[in-house]
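Have a look at the structure below before the remarks.
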Amino acid sequence: MQTKLKRRHLLAGIVGLAGSAALVKIAGSGTSFAEETTAAEAATPATGTLPIPDLLTATDEDGVSVFTLGTQSGTNTSLISGKSITTAGYNGTFLGPTIKVTDGETVRFDVTNNLDDETTVHWHGLHIAPSNDGGPQNTIAAGATWSPSTTINQGEACTLWYHPHGLGTTADQVALGLAGMMIVDDGSTANASLPNSYGADDIPIIMQSTAITSAAAFGITNASFTASGVTLKFLVNGVSATDETPTLSVAYGRVRLRLLNASLTDSITLALSDGATFTQVASDAALLPSPISISSLRISPGERAEIVLDLTSSDAAATLQATVRNTTNGTRYTVSMLSVSSTATTAADTLPTTLNTVTALDTTGATSRTFTLSNSGGTFLINGVAGTSMATMESNAVMTTLNAIEQWTITNSSTTIYHNFHLHDVPFQVVSVGGVAASGANTGWRDTIEVPPSTSVVIRMQFTDYADNEYMYMLHCHNVIHEDDGMMLALMVMSS
Ligand code: C2O
Ligand code: CU
Ligand code: CU
């Protein structure tokens, strides 16, 4: 909880654990605690054709919330009629349940691997010790169970996700459907003032631009997306928006959509079909300092963003369109990915104007590093190194120390290929993009950021809380095809 205060100034003093959110909310709404609790319990679930992943229920073991996940393989026979596509998921045959945790909660994840292949599970964006991070060192053999535990120490309300992270096998396994969402509640007034009833007015939206090959398998290479006989499908929570736009109807005037681009390689730009503006409240790793009004939102692979739609006014009966672009930014297609409507008749209260406070890290005397992203044909490199073996990862590890503040310049030296940059362990602040000071969604904490061709992005971060002289964190491009083809390095945070 120490670092929580360091990273984020709580907006309303000490509001700690689950339950207090309701208490804070009543202060603003004037309803009694009893009414608020009843209202929360009675939240009307959203309806429509959009599947909503189940919320994973934890079992309590002496104060530890135990979440049980199992990988399993399956088949999908509905995406292309007459064809059976091999899939995989957590606790099901495609995608996984949503895990919701609260700052201060002690958790354990019991992950059993029921696949025939080795896997890992990485908690993307979670501030957790390297030995529990689920990177390439945390392999789970077929049939084995891995049980990392931690006390949630995020200090931010955010939308994270979990997915495999084996060396060289990430794209293969994510493509099968191994991805799930994780929601962190920091107990803040700001988070409580946004829609937060899961499945009612707070909805996960997992987007995947997929290629289904002529052999009826999910494509795992760049070339598979343009190969002959390929069928491109845009999946939203596992169903094809390419075939039929999913619908979502909520009983509230406002809905929060937690957007995740879980595509292997494609970026996704969202807009409302009528061109109306909508509100972004969070990017990757935290609520933004203030809500921002936008008319389009570009999300690169691995990134998240949270938006809020006001369904009784300007965004009523909104249809979100997704424009999908390949790694050289060529448009593949545009699809109507979700129709949202509300049965509420009264407008929602106004959103708070302040959601978060980000205090700039003081980089005086900080270590500076540069990372150059490049490729040589199909080999992808960071600073000339292709991280394709554990020996290479170890011998080229970036070494830092606990609590170090650093400033990094990430340069994409390609003139055509888009990359992005994801850092494990801690979120970063964006200083500049292409020499221009950070603005908009880059004014909040992030853990993944797009790095366009011939562009440099400057970020700064502090390596708080967790050090390990054996286990590595990763930094990489989250185009997972590039990652598997070498665009990844290790980071060691040493205790001194
Ligand atoms: Cu989402 Cu290193 O990963
Ligand atoms: Cu990650
Ligand atoms: Cu890349």
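Counting begins at 1 with the first residue of the sequence. Computation of the quantities below employed the complete heavy-atom set of this structure, encompassing side-chain atoms and omitting hydrogens, waters and symmetry-equivalent molecules. Since the structure is predicted, the reported quantities are computational estimates derived from the model, not experimental observations. In listed order, ligands and their atoms are each counted from 1.
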Next on the checklist: The test is side-chain contact (heavy atoms from CB on, under 4.5 Å); show your working for M487 and L381 and say whether it passes.
Outcome noted: CA-CA 5 Å; M487 196 167 271; L381 309 152; 5.7 Å; no
Next on the checklist: Closer than 2.8 Å to atom 2 (Cu) of ligand 1: does that hold for any N, O or S atom in H422?
Outcome noted: no
Checklist entry - Can you give me the NE2-atom 2 (Cu) of ligand 1-NE2 angle for H424 and H165, to 10°? => result 100°
Checklist entry - Taking the six-membered ring for Trp, are Y162 and Y90 ring centroids under 6.0 Å apart? => result yes
Next on the checklist: Distance check below 2.8 Å: does H122 bring an N, O or S atom to the Cu ion (ligand 2)?
Outcome noted: yes
Item to check | Aromatic Y418 / basic R298 pairing, under 6.0 angstrom, 45° off normal | outcome: yes
Next on the checklist: For a distance under 2.8 Å, tell me if H422 has an N/O/S atom near the Cu ion (ligand 2).
Outcome noted: yes
Item to check | Heavy atoms of other groups near N469 CG, more than 12 under 6.0 Å | outcome: yes
Checklist entry - Do you know the tightest heavy-atom contact between T388 and G486? => result CG2-CA, 3.7 Å
Next on the checklist: So, 2.8 Å as the limit: is an N/O/S atom of H124 located closer than that to atom 2 (Cu) of ligand 1?
Outcome noted: no
Checklist entry - Between H478 and H419, does the ring centroid distance fall short of 6.0 Å? => result no
Checklist entry - For atom 1 (Cu) of ligand 1, does an N/O/S atom of H163 lie at less than 2.8 Å? => result yes
Checklist entry - Measuring to atom 2 (Cu) of ligand 1, does H476 have an N/O/S atom at a distance below 2.8 Å? => result yes
